[in-house]
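Following: one structure in C-alpha cells, then a few remarks.
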Amino acid sequence: MKKLMLGNEAVARGLYEAGCRIASAYPGTPSTEITETLAKYDEVYAEWAPNEKVAMEVALGASIAGARSFCAMKHVGLNVAADPLYTAGYTGVTGGMVVAVADDPGMHSSQNEQDSRHHAIASKVLMVEPSDSAECKEFAKKAYDLSEKFDCPVLLRLSTRVSHSQSAVELCDRVEKDLIPYEKNIDKYVMMPAKAIKRHPIVEDKLKAAAEFAETSDLNRVEMGDTKIGVITAGICYEYAKQALGDKASFLKLGMINPMPTKLIKDFAAKCDKVYVIEELDGIIESHCKNIGVDVVGKEVFGYIGEISQTIVSEKILGVKPEFDTFAETVPVRPPVMCAGCPHRGLFYCLKKLGVTVSGDIGCYTLGATAPLGAMDSTICMGASISALHGFNKARGAESEKTSVAVIGDSTFMHSGMTSLVNVAYNATNSTVIILDNSITGMTGHQQNPTTGKNLKGDPAAAVNLVDLCHAIGIKSVRVVDPYHMAETEAVIKEELAKDEPSVIISRRPCALLKYVKHNPPLKVDNDKCVGCKQCLKIGCPAISMHDGKSVIDHTQCVGCGICTEMCKLGAIV
Amino acid sequence: METKSIMIVGVGGQGSLLASRLIGNVLLQQGYDVKVSEVHGMSQRGGSVVTYVKYGDKVYSPVVEKGEADIIISFETLEAARYVPFLKKGGHIVLSTQQIDPMPVITGAATYPENIVDKLKGMGIDVIAVDALKIAEECGNAKASNVVLMGVVSTKMPFDEACWNKAVEECVPAKFLDLNKKAFAMGRQA
C-alpha cells in the first residue's frame, strides 16, 4: 500500500518497521513530527525529554540495555546533545541506535543555519542522508543495520524540505527485534581515560571499515546520463539537480555522508568532463573530493547561504533564467506575529511601556522583538536569556538590575533555563526573570513538557511546580501574574525590579490555541465612541486594524481576550 | 506527463495544510507521483505561508519556483499579489477575496494595495475570485473557507467529484466531516 507521508512520518515508519523499541526527543522544527508519529505506534515507547542531551542519553542507555533505540532533534539541538554523542562514538552500541538531526537551510524556523554534517565528522560516527520520504523510511531501517554492523550510533540527516515534504511511501510490516541479552562490559561502556584510550583506535578502525563499505553500498548510487556534466550531490539537492538537469548530466547521489567513498567518486569523476558538487550550507562533500584529488566546482558557484533550488542549479550550470511577471506595486511584507489572544502580548506591552532591557529566548515569544512591541534586546539559544541577563547585570551593575529582565517560556526553562537560574541564585545578581508559562511547548506545535502534567501520549504525568522549583533553587521572591491583566502585571514587574534580591515572575495563562481553552465572544468597536486614536493598535494584535478612521476587529480572529479593551480609554471596545 | 505545479498561499492559520493534503490525496488516487511541501514552525504564526503540490509521472524537487506554477490558490487577496511571480505564463489564480491586514499595514508602515483582483486580471491572468469566507460562514464555520476554496479549485481540475469527496472523507476529522462536505459542495457551486 502506498501512502503520502511527510519525510518525518516516513522516518518514524522506518524506525517502527525496523523494530525500534525506545525513543526520546525534544521538539524542534523541522524534526518534531518524527517523535509525534512514533508515539502513535503502540510497540514503540516514545517520550518528550526535557532537552536533547537527555534524549540522547536515554537512547544510548536503551541501546546499552540491548534495544534498538532512537532520538531526534533539530540541528541546534545536536549541539546540546553533542556531549553524549561524541563519547557514544567511542562506546558504540549494543542495540542499534539512530539519531535523527534535521537541518534548516534558509532558517525557516531557526536561529542559525549550521551544517550538522560537521558533527558527524567530528564525533566520528556514521551519517546517512535521504532525499525523499521513501528514502527516509528505507534509510532509517538501514541506519539500524549500519549501527549494529559498525557498532556505532548512526546520524540520519534531514533538512526542512525533506522533513516537511510529503511523497509516496510503500508500507511494510514491523520486524520485532528482541532485546539483546545484557552483559556488563566496562571496557566498552565505562569511558574513563584508561578505557577510552583503548577505544579510540577501535573508532578509527570502524571508520576505515565503514569507508570501505561506502565504496559498494547501495546507499550511494550512480545514474549515468550525458557525461559533459557530472554532479555529485546528496539529500534534497539531488532532487533539485535532477529536476534542473535531467539526463543532461550524470549523477553520483551519496546516501552515506560520513564516511564518504573515495574510489567511487574518483571513478565517477573520471567519466565526466566537468564535475559539480551541489550541496546546501557548507562544502563538506566538496572538501572530501578535493582532499582525495578530484577536481570539482562547488561553493565558488553555489555559495554557503540558504537553500539551493532547481532554479539556482539551472542558472548556475545551464545559464537558463526563469521568466515571470511581477505585481506592479509594492506588496507589504507579512511577517509572523503573535496570534490574537496570545497571552504573551500583554506582558510584552508592559515591558515596552516600562522601557526595560529584555534578554530573550527561543519560542513564540521571540516575536515580542518585532514591531510594534519591539520589547526584546537579545535572543541567542535555548536557555540563554537568564544566563545572559546574569552576565549583563554583572557587567553593568546595580543600576542595570533595576532596568532589565529575562523572558523564557515554560518548556525552554525546563530545557536549559533551570541551570541558568541556579547560577543567578548561586552567584547572586538581583536579576528579574519572567517565565512565560503558557502550559505548552508552543512554537513547535503544542508538545507536552515537564510542567504540563501530561506526557507525550497525553497521559497524566508528574508536573514540575515552577513556584516550588524556583524556591528550591534559592529564589525567595516568586510571583505569579495573569498577563491578560496588564495593570497588575506591570505593577508586579515594577515591584520585583525594585527589590534587592533575585526574583522570578511567572506570567501564567495557557496558549490561546490550546483546544481546551474557552474563548470569549469576539469584541466589537463602538463606532460612536471610537475616535481613531490608534491606542489599541499599539499591542500589535493581528485582529485589529484601522479602516476609514475607526478601529475594526476581525471577528474570525478575535478570541475576546480583552487586552485591547484595557488599552481603550474611551470604552469603545466591548 | 510533464510535472504540474500548484501553489497554495495564504496567512498562517488559514488551513493551507489541510488544503494541500486534500489535493495530494486526489492526485495519489489518480496514480500520479506526488510531492507536497509544507511550512511548519515560526512562519506559521500569522505570517505569509506557502505550500507546494507537484504531480506527474516522476516528481523530483518538492519546491515550486518563480515562473513554474500552473495554478496559484490564494486564501487571501494580498498573498496572490505576493506570489504572482511564481505563476507560469498562461497559469490560473483562484483566490478568496478575504483581506487580512499584515502587521506593517496595521502599524501604518505600509498600505494594502487596492483593487488587487482587477490589477491581476490586467496582467492578462485568468483570475477566479470568490468570497470563500462568506460562503464558509453560511455553512456554519469561518474556518471551512479553505475547503470552500478547494471546492472551487476542483471545478478547474480534470478529476471526478467522487475522488474529491473521498479525499475530504479521508483528510478531515470525523467531527467536522459534515461541515466540510457542505463547504466543499458550496465551493463547487460558487
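For chain B, the nearby part of A:Lys3 is the backbone; its heavy atoms alone come within less than 4.5 Å. Neither the backbone nor the side chain of B:Gln99 comes within contact range of chain A; no heavy atom of the residue lies under 4.5 Å from a heavy atom of that chain. With a 4.5 angstrom heavy-atom cutoff, B:Tyr83 does not touch chain A via any of its atoms. When heavy atoms are compared at a cutoff of 4.5 Å, B:Ile125 does not approach chain A at all. Looking at B:Val105, the atoms closer than 4.5 Å to chain A (heavy atoms on both sides) all sit in the side chain, from C-beta outward. Only the backbone of A:Lys2 has a heavy atom closer than 4.5 Å to any heavy atom of chain B. B:Ala142 touches chain A through its side chain: at least one heavy atom from C-beta onward sits under 4.5 Å away, while N, CA, C and O do not. Of the two parts of A:Cys342, neither the backbone nor the side chain holds a non-hydrogen atom closer than 4.5 Å to a non-hydrogen atom of chain B. The contact between A:Thr330 and chain B is made entirely by backbone atoms, counting heavy-atom distances below 4.5 Å. Contacts between B:Thr51 and chain A at a heavy-atom distance below 4.5 Å are absent for every atom of the residue. Only the side chain of B:Leu28 has a heavy atom closer than 4.5 Å to any heavy atom of chain A.
Residues B:Glu137 and A:His555 form a side-chain contact, since some pair of their non-hydrogen atoms from C-beta on lies under 4.5 Å apart. Contact annotation: the side chain of A:Thr556 approaches that of B:Gln98 to within less than 4.5 Å [non-hydrogen atoms, C-beta and beyond]. Under the 4.5 Å side-chain criterion, counting only non-hydrogen atoms from C-beta, B:Val63 is in contact with A:Tyr240. Inter-residue side-chain proximity for A:Thr326 and B:Val84 is flagged as unmet; no heavy-atom pair is nearer than 4.5 Å. In this structure, the side chains of A:Pro335 and B:Pro104 come closer than 4.5 Å at one or more pairs of heavy atoms. Looking at B:Val39 and A:His108, their side chains never come closer than 4.5 Å, going by heavy atoms from C-beta outward. A:Phe327 has its side chain within reach of B:Met123: a pair of non-hydrogen atoms, C-beta onward, lies under 4.5 Å apart. A 4.5 Å side-chain heavy-atom check between B:Met103 and A:Arg334 finds every atom pair outside the cut-off.
Interatomic distance, B:Ser37 OG to A:Leu6 CG, rounded to the nearest 0.5 Å: 9.5 Å. From B:Ile106, atom CD1 reaches atom CD1 of A:Ile544 across 8.0 Å, with rounding to the nearest 0.5 Å. Expressed to the nearest 0.5 Å, how far CE of A:Met546 lies from CG of B:Asp101 amounts to 11.0 Å.
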Item to check | Full working for side chain to side chain donor-acceptor pair (under 3.5 Å) between B:Lys54 and A:Gln243 | outcome: CA-CA 12 Å; B:Lys54 295 175 75 165; A:Gln243 178 175 333; 2.8 Å; yes
Checklist entry - salt bridge (charged side-chain N to carboxylate O under 4.0 Å, His left out) between B:Lys89 and A:Glu323: does it pass, once the steps are laid out? => result CA-CA 8 Å; B:Lys89 301 269 182 204; A:Glu323 287 179 28; 5.2 Å; no
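Heavy-atom minimum distance, A:Leu4 versus B:Asn25: CD1-N, 4.3 Å. The two residues B:Val59 and A:Glu239 come nearest to each other via the heavy atoms O-OE1, 4.3 Å.
Within a 6.0 Å sphere centred on NZ of B:Lys119, heavy atoms belonging to other residues, nucleotides or ligands number more than 12. Other residues, nucleotides and ligands contribute only 12 or fewer heavy atoms inside 6.0 Å of the CG atom of A:Asp548. By the neighbour-count criterion of 12 heavy atoms within 6.0 Å, atom NZ of A:Lys550 is densely surrounded, having more than that number from other residues, nucleotides or ligands. More than 12 heavy atoms of other residues, nucleotides or ligands lie within 6.0 Å of NZ in A:Lys253, so this atom counts as buried by the packing criterion. Sparse packing is recorded around CG of A:Asp247, with 12 or fewer heavy atoms of other residues, nucleotides or ligands lying under 6.0 Å away.
A donor-acceptor pair shorter than 3.5 Å cannot be found between the side chains of B:Glu65 and A:Gln310.
Put simply, of B:Lys143, B:Glu76, B:Lys88, B:Lys58, the one with the most heavy-atom pairs under 4.5 Å next to chain A is B:Glu76. When each of B:Thr107, B:Val53, B:Thr3, B:Leu78 is checked for heavy-atom pairs under 4.5 Å with chain A, B:Leu78 comes out on top. For the options A:Val162, A:Leu537, A:Val333, A:Asp554, heavy-atom pairs under 4.5 Å to chain B are most numerous at A:Val333. Annotation: maximal heavy-atom pairing with chain B below 4.5 Å, among A:Gln557, A:Glu33, A:Met338, occurs at A:Glu33.
Each of A:His164, A:Gln166, A:Arg161 was checked for a side-chain hydrogen bond (donor to acceptor under 3.5 Å, both in side chains) with B:Glu38, and the lone residue meeting it is A:Gln166. The side chain to side chain contact (heavy atoms under 4.5 Å, CB included) test with B:Pro62 is passed by exactly one of A:Ser131, A:Ser165, A:Ser133, A:Ser167: A:Ser165.
The backbone N or O of A:Pro332 lies less than 3.5 Å from a partner atom in the side chain of B:Arg82, making a donor-acceptor pair.
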